[in-house]
Amino acid sequence: MSEQSLHHMVESRQQLPIVAEERTYKRFLSVWSRRVRFADGREIDWDVAGHNTHVPTFATVFPFNTKTVRMLLGAPKTVRVIIEYAQGPNVMTYSLTAGGFDPNKHKDILETAQHELSEEARLHNGVWIRLIPDDHDGIPELKWCRNKFVPFLVLDADDDLTPRERDAEENIQVVDLSLDDLQQHILRGLVMLPAVQTTLMATDWLKRNGHL
């Protein structure tokens, strides 16, 4: 297969044929046994984990403050970061606002992001930018996971004085960091991967649009 064909396979996001699939475990997460056929004819069995929900599964939000008044006071432009408990590694970690799409609660993935921003970051309103095209069904969370997410940038959100209630199991604190401080946390391996991807895309947009 040519290099051009390989690039086309990635960019088209076309899925490989699924020969068989069975869900073998279900709780908060599910696990599926999936057999896939490769282009060369091989059929391989895989374990695939994730949420048994609609795709895209969740949204992430990069809340960036560009207001000039803060710069006049000598404060750097900041991003609202959350510090939360991550049950897999069993540690507190840096992340961005993120939350799952629920068709019983949200009309679309943007409303998911807006609700989560209020719940987790205690912010609302602002100017919203979707960081992937409308026809993109989401960025894969991990290689072996079926979950996909849509990253958003929100500019100059306001403090939410009546925020939405957090889930009972969540352990979250919020901090406002400069981009330099956030980058240092990323380089030290202290930031969750969807937040790293979202930060990369948001800072690229900010640079291209004259905010950095």
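Everything numeric in this text was worked out from a predicted model, so none of it was measured.
Remark: the backbone N or O of His211 is paired with a side-chain donor or acceptor of Lys77 at under 3.5 angstrom. In this structure a side-chain-to-backbone donor-acceptor pair under 3.5 Å is present from Glu111 to Lys107.
Other residues, nucleotides and ligands contribute more than 12 heavy atoms inside 6.0 Å of the CZ atom of Phe38. Taking a 6.0 Å sphere around CZ of Arg208, one finds it holds more than 12 heavy atoms contributed by other residues, nucleotides or ligands.
With respect to the salt-bridge test (charged N to carboxylate O, under 4.0 angstrom), the residues Asp159 and Arg122 do not qualify.
Applying the side-chain hydrogen bond (donor to acceptor under 3.5 Å, both in side chains) definition to pairs two or more places apart or across chains, those involving residues 30-53 are Glu21-Arg34, Arg35-Asp45, Arg37-Glu43, Asp40-Arg42, His51-Asn147.
Ser2 and Ser5 make their closest contact through OG-OG, 2.9 Å (heavy atoms, listed as atom of the first residue, atom of the second, distance). The two residues Gly50 and Cys145 have their closest heavy-atom pair at CA-SG, 4.1 Å. In this structure, Ser118 and Asp160 approach most closely via the heavy-atom pair OG-OD2, 2.7 Å.
Note on ring orientation: taking the six-membered ring where Trp is involved, the planes of His185 and Tyr94 are parallel (angle under 30°, cut-offs 30° and 60°).
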Val154 vs Leu117, test: side-chain contact (heavy atoms from CB on, under 4.5 Å). Steps then yes/no. CA-CA 9 Å; Val154 60; Leu117 187 70; 4.1 Å; yes

Check against side-chain contact (heavy atoms from CB on, under 4.5 Å), Leu110 and Phe101: CA-CA 9 Å; Leu110 173 60; Phe101 172 71; over 6 Å; no

Between Asp137 and Lys148, is a side-chain contact (heavy atoms from CB on, under 4.5 Å) present by the stated rule, with each step listed? CA-CA 7 Å; Asp137 65 350; Lys148 297 181 179 182; 3.0 Å; yes

Can you list the steps and then say if Ile132 with Val150 is a side-chain contact (heavy atoms from CB on, under 4.5 Å)? CA-CA 7 Å; Ile132 57 175; Val150 175; 4.0 Å; yes

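Hydrophobic clustering (ILVMFWY, side-chain heavy atoms < 4.5 Å, transitive): Met192 and Ile83 are in distinct clusters. Note on Phe58 and Leu29: separate hydrophobic clusters, where clusters join Ile, Leu, Val, Met, Phe, Trp and Tyr whose side-chain heavy atoms are under 4.5 Å apart, directly or indirectly. Note on Ile82: it does not cluster hydrophobically with Val196, by side-chain heavy-atom contacts below 4.5 Å among ILVMFWY residues. Under the 4.5 Å side-chain heavy-atom criterion for grouping Ile, Leu, Val, Met, Phe, Trp and Tyr, Val79 is not connected to Val174 through any hydrophobic cluster. When the side chains of ILVMFWY residues are joined at heavy-atom separations under 4.5 Å, either directly or via intervening members, Met92 and Leu190 end up in a single hydrophobic cluster.
Note: Trp205 CH2 to Phe152 CZ = 14.0 Å, rounded to the nearest 0.5 Å. From Phe149, atom CZ reaches atom CD1 of Ile139 across 4.5 Å, with rounding to the nearest 0.5 Å. Within the model, atoms OG1 of Thr60 and CG of Leu131 stand 7.5 Å from one another, a figure rounded to the nearest 0.5 Å. Expressed to the nearest 0.5 Å, how far CG of Asn171 lies from CD of Glu84 amounts to 9.0 Å. Here CD of Gln183 is found 8.5 Å from CG of Leu179. Values are rounded to the nearest 0.5 Å. Taking OG1 of Thr66 as the start and CG of Leu155 as the end, the distance is 5.5 Å to the nearest 0.5 Å.
Side-chain atoms of Tyr85 and Asn90, non-hydrogen and from C-beta on, do get closer than 4.5 Å to each other.
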Identify each donor-acceptor pair in which a side-chain atom of residues 11-18 lies under 3.5 Å from a protein atom, sequence neighbours left out, and give them as a table.
unit_1, atom_1, unit_2, atom_2, d
Ser12, OG, His8, O, 3.0
Ser12, OG, Met9, O, 3.2
Ser12, OG, Gln14, N, 3.4
Arg13, NH2, Asp135, O, 3.1

Please report, to 0.1 Å, the donor-acceptor pairs under 3.5 Å made by any side chain of residues 161-168, with sequence neighbours excluded.
unit_1, atom_1, unit_2, atom_2, d
Arg166, NE, Glu119, O, 2.9
Arg166, NH1, Ile172, O, 3.2
Arg166, NH2, Glu120, O, 2.8

